[in-house]
Amino acid sequence: MSKAYNTSLIEKKWQKIWDEKGTFYASEDTDKPKYYALIEFPYPSGKGLHVGHPRPYTALDVVARKRRLEGYNVLYPMGWDAFGLPTENYAIKNKIHPRIVTENNVAKFKQQLKSLGYSFDWSREVNTTDPEYYKWTQWIFLKLFEKGLAYKQEFPINWCTDCKIGLANEEVVNGACERCGGEVVRKIKNQWMLKITEYAEKLIKDLDLVDYIDRVKIQQTNWIGRSEGAEVDFEVAGKGEKLRVFTTRPDTLFGATYMVISPEHPMIEKYKDDINNMDSIIEYKDMASKKSDFERTELVKEKTGVEIDGLKAINPVTGKEIPIWISDYVLMSYGTGAIMAVPGHDTRDWEFAKKFNLPIIEVVKGGNVEEEAFTDIQTGEMINSDFLNKLNVEEAKKKITDWLVEKKLGERKINYKLRDWVFSRQRYWGEPIPLVHCEKCGWVPVPEEDLPLTLPEVDNYEPTENGESPIAKIRDWVETTCPKCGGKGERETDTMPQWAGSSWYFLRYTDPHNNEEFASKESLEYWLPVDWYNGGMEHTTLHLLYSRFWHKFLYDIGVVPVPEPYQKRTSHGMILGENNEKMSKSRGNVVNPDEIIEDFGADTLRMYEMFIGDFEKSVPWSMNGVKGCRRFLDKVWKLQDMVVDGDEYSKDLMTNMHKTIKKVSEDFETLKFNTAIAALMSLINDFNSVGKITRGEMRTFLILLNPVAPHITEELWEILGFENMISDQQWAKWDEDKTVDDEIEMAVQVNGKVRGTIVIAVDANKEQAKAKAMEDENIMKHIDGKTIVKEIYVPGKIFNIVVK
RNA sequence: GCCGAAGUGGUGGAACUGGCAGACGCGCCGGAUUCAAAAUCCGGUGGUAGCAAUACCGUGCGGGUUCGAGUCCCGCCUUCGGCACCA
């Protein structure tokens, strides 16, 4: 009889062996094909590991372990994305240095991850807050600066009027400060920006080069939001000045009955002396400035706006004077900050025109513009549009654009929704931006040999009264000499956003201890691109896009060898509480992974998270489900008493063995971990009904289960005296011919309803199937007395008899 | 409001390319074992009717295409993720 299945003993034992032997270190053997598997490195929060973390980690651990058995040199690294707001806020509250907070959190996370038995190469651990790491984050920033992709621009931040600090969007709740409830307004700051828009086209086009799940590609494409259209100049009456708009519908120009500019548009300031209702304009501006962009979107159902009294524009094709309004639905950050309003054919303009009683002109026939805007571009025909009349929308677009270009009234233009990346934070816990401002030379980079520019010590991590980062108070750090002219200079006191360190960490993993370069050319050549990157859907538009941008930039300056960083991108669903709500302390539905490991073992937790449901969907936690997985592993443990001699598969189990190898092998590749495990469960049920298994069957079974449950399988491998360790073996192979049964059960339908089943050879023909079917009483009953009008026979699938 | 995704038994989910809906697990019911319980093992388990064979109904709702629809098409509803009213 076997010993009891003692999870904590077995799991600690193997974790120690793997650690000591360096079993999962990526080897230096570069003759082997490489495989680079990557998961999003965690933010080490003070709460410790969440049961959501192991889901993606286990999934790619399964892939990594399988790849090793398939003969690949695998890199599966782990690190810490450790700069960030929660740590900083914790530091402020508890007056502990964020570095110490980070160290503690990392230690806790690391211990927890180790207890799950992941095959990470811990020798390559990186930490974004380590000066030896952020030295290179700063270096990349300087390269961007050097190439003109970093620039300063005025950009609004969320400003809490009570705390007098800038807030992240997340900290603004219903227009109020999350911590003090104070009023939040938009305050303009001069900020560092990165020109991601310069890469907009490439970021869309090169999606063709990679294998991302469709919804990731779609979301990225939509986020970048390319649209073709035209910029058109409208003259401001009597001012000799042009007001430029972007439109995707230049064909509707004859229907433009008014203009709307953003409340922040510079024209307002410029012509303030000509504007008669400046008071109401300023009032409206103030109101708009109190809304975050998100609130402008969410709360503003009813259109609001104010007409500028004193300025008029001239429609360039009709020559008519039209009014100019301001409204917060027009944003300074998209297009030109001004629009031509065509209420007949744009829904927002229509609502606005109805509310303020502005004229609506129909220029595309097909709808009823008194009832609603007609926005169809497929079916309409131009009317009321002079030389465009009778054309369809597509033709009209082309003709008017040519006309505008010819008359120098406008030009073709491709616009993107994507905005440049605001790269400044007025915070302590981030990478210092390595620039010095000199009166004479302007912004000057810190020389490369002086990197890393490390964070100075401060007494207090709170931002200053005027919204500057706390490091602005450390005068002897701020005051320095200009690296260029040697004169007086001041350091930039803004730090980088959390996204910076995570935009290139996968490059550092390839050569994490390099002091000369962020990674050697050879390492990059060998390991890139990442073969499989899994992460959350919530990172699709920010992190994933930012890191692709940085990577493409590095490619363009010749320091990385491939144009795209990640060959394949997949995404996992969230794990919710048992009550189907997001896990959170306040909801009292948090599950602690340590307790699951303690009570059931790491293998059970790993297996449960893979079995819990569709990997790509969010799914509620279930304690009973955990028990079920433990029950399965108990059955696996008992198999050792059923093993009999024989390297071959027995006749009874032959087809099942080959089927299961195929199923598990394929499902692990396509994120269908749940059905792979279901197949292994079925197989063990078959083992139990046969009552004994050969060593050959057991061997294969352990190899198939190993990626999911590595500890118990290594232990059984050892107990049964198989050679070496499982991690030295080869992945199981299947024989396609042996995966199919000779005979199958086929459903027979009459008029599309199943009336019986027949057992026939897989390759039986229609006549044979029909003969069998006619033997079936119930089938005959439904055919009797009727005429057969059609027989549909799909070999191996179905036999359907249509009768009348 | 916009972008993306998803709705299947009591429950988590399965279902290849349009081909027996509910694999596998949980729960529940019955039985074995036990002084008893837990654990374990065996059997059953979508709904309605029927002793049964079987019949009808059934994949969010309403239509449609097809010999055949969870799967495809049109129109809705609900839930989740993301957001920058994107002209």
Side-chain angles (χ1 to χ4, degrees), chain A residues 169 213-223 225 227 229 245-249 252 260 292-301 303 327-331 333-336 338-342 345-349 351 415-419 536-542 571 573-574 576 580-582 608 611-614 616-629 631-632 634-635 638 666 672 674-683 685 688 745-757 777-778 781 789-794 796-803:
Chain A
N169 284 339
I213 50 174
D214 283 343
R215 62 183 200 276
V216 170
K217 280 195 187 184
I218 294 167
Q219 285 231 263
Q220 288 227 342
T221 308
N222 290 347
W223 183 262
S227 57
V245 304
F246 171 74
T247 176
T248 53
R249 295 291 306 276
T252 60
V260 185
S292 71
D293 284 352
F294 184 66
E295 281 156 343
R296 279 197 187 186
T297 2
E298 192 180 53
L299 298 178
V300 182
K301 302 243 157 46
K303 292 280 171 285
S327 176
D328 61 6
Y329 80 93
V330 174
L331 299 182
S333 52
Y334 182 78
T336 61
I339 62 159
M340 63 177 213
V342 184
H345 306 282
D346 179 281
T347 311
R348 281 183 311 270
D349 296 346
E351 281 170 17
N415 232 325
Y416 300 94
K417 289 182 203 172
L418 185 69
R419 310 198 301 220
M537 239 7 237
E538 70 273 21
H539 291 126
T540 303
T541 47
L542 297 175
S571 207
M574 260 198 314
L576 306 169
N580 223 335
E581 288 175 24
K582 214 170 184 164
Y608 173 64
F611 185 62
I612 188 168
D614 184 336
E616 304 194 68
K617 283 193 218 155
S618 56
V619 61
W621 185 265
S622 155
M623 223 52 205
N624 279 325
V626 177
K627 276 191 233 162
C629 288
R631 219 171 276 170
F632 170 76
D634 285 332
K635 286 188 199 171
K638 285 187 198 148
E666 291 179 350
K672 292 161 88 176
N674 52 340
T675 49
I677 291 168
L680 289 168
M681 288 175 167
S682 289
L683 186 61
N685 290 342
N688 281 318
E745 196 187 55
M746 181 183 278
V748 179
Q749 301 180 329
V750 178
N751 288 349
K753 292 203 171 194
V754 179
R755 297 302 180 188
T757 55
E777 241 178 75
N778 198 45
K781 208 171 81 192
V789 291
K790 205 169 174 185
E791 287 163 356
I792 295 126
Y793 179 66
V794 185
K797 297 246 169 91
I798 200 109
F799 185 36
N800 187 10
I801 302 165
V802 186
V803 297

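Model, not experiment: these values are computed from the prediction. Within every chain, numbering begins at 1; the chains are lettered A, B, ... in the order of the sequence lines, protein sequences first and strands thereafter.
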According to a strict under-4.0 Å criterion, is [X] in side-chain N/O contact with OP1 or OP2 of [N]?
X        : N      : value
A:Arg215 : B:rA6  : no
A:Lys781 : B:rA55 : no
A:Lys790 : B:rC67 : yes
A:Arg631 : B:rC26 : yes
A:Asn222 : B:rG4  : yes
A:Asn778 : B:rA55 : yes
A:Arg419 : B:rC83 : no
A:Ser622 : B:rU11 : no
A:Arg755 : B:rC56 : yes

Just wondering, do [Y] and [X] contact through their side chains at under 4.5 Å, heavy atoms?
X        : Y        : result
A:Val802 : A:Gln749 : no
A:Arg755 : A:Ile801 : no
A:Trp223 : A:Thr540 : no
A:Asp349 : A:Tyr329 : yes
A:Lys635 : A:Asn685 : yes
A:Tyr608 : A:Trp621 : yes

Between [N] atom [atom2] and [X] atom [atom1], what is the distance in whole Å?
X        : N      : atom1 : atom2 : answer
A:Glu777 : B:rA53 : CD    : C1'   : 9 Å
A:Phe246 : B:rA84 : CZ    : P     : 21 Å
A:Asp214 : B:rG4  : CG    : P     : 12 Å
A:Met574 : B:rA6  : CE    : P     : 16 Å
A:Lys617 : B:rG4  : NZ    : P     : 19 Å
A:Arg348 : B:rG1  : CZ    : P     : 13 Å
A:Glu616 : B:rG7  : CD    : C1'   : 16 Å
A:Ile213 : B:rG81 : CD1   : C1'   : 12 Å

Using the [atom1] atom as the point on both nucleotides, what is the distance between [M] and [N], in whole Å?
N      : M      : atom1 : value
B:rU33 : B:rA38 : C1'   : 12 Å
B:rU8  : B:rU71 : C1'   : 12 Å
B:rC24 : B:rG13 : C1'   : 9 Å
B:rA39 : B:rC29 : P     : 13 Å
B:rA53 : B:rG46 : P     : 14 Å
B:rC76 : B:rG81 : P     : 24 Å
B:rC61 : B:rC3  : P     : 26 Å
B:rG10 : B:rU65 : C1'   : 35 Å

If every non-hydrogen atom of [X] is compared with every non-hydrogen atom of [Y], which pair is closest and at what distance?
X        : Y        : value
A:Ser571 : A:Arg215 : CB-NH2, 4.0 Å
A:Ala341 : A:Val260 : CB-CG2, 4.5 Å
A:Met340 : A:Arg249 : CE-O, 3.7 Å
A:Val750 : A:Val803 : CG1-CG2, 3.9 Å

Does A:Val216 or A:Cys629 map to a spot on RNA chain B nearer the 5' end, using the closest nucleotide for each? A:Val216
5' priority, RNA chain B, between A:Glu538 and A:Ile218 [closest heavy atom]: A:Ile218
Residue list, ring pair (Phe, Tyr, Trp, His ring centres under 6.0 Å) with A:Tyr793, at least two apart or on another chain: A:Phe799
Using a heavy-atom cut-off of 4.0 Å across all strands, would you classify A:Gly225 as base, sugar-phosphate, or nothing? nothing
At 4.0 Å (heavy atoms only), tell me whether A:Ile339 reaches a base, stays on the sugar-phosphate, or touches nothing. base
Which of these nucleotides, [options], is closest to any side-chain atom of [X]?
X        : options                : answer
A:Gln219 : B:rA87, B:rG4, B:rG25  : B:rG4
A:Lys753 : B:rC56, B:rC26, B:rA84 : B:rC56
A:Lys635 : B:rC67, B:rA87, B:rC41 : B:rC41
A:Thr541 : B:rC26, B:rC85, B:rG82 : B:rG82
A:Val619 : B:rA55, B:rC85, B:rG12 : B:rG12

Quick check on B:rG9: syn or anti? Syn means the glycosidic torsion is within 90 degrees of zero. syn
Identify the stems formed by RNA chain B, where each pair is Watson-Crick or G-U wobble with both distances under 3.5 angstrom and a stem is at least 3 consecutive pairs. B:1-7 with B:77-83, B:10-12 with B:24-26, B:27-32 with B:40-45, B:46-49 with B:54-57, B:60-64 with B:72-76
Could a donor-acceptor pair under 3.5 angstrom be found where the side chain of A:Asp328 meets the base of B:rC85?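 Indeed there is one.
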Could you run down nucleotides 15-23 of chain B 5' to 3' and tag each one B, S or - for protein heavy-atom contact under 4.0 Å? SB--BB--B
Approximate separation, where rounding is to 0.5 Å, of A:Ile612 CD1 and A:Ser618 OG: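 Answer rounded to 0.5 Å: 10.0 Å.
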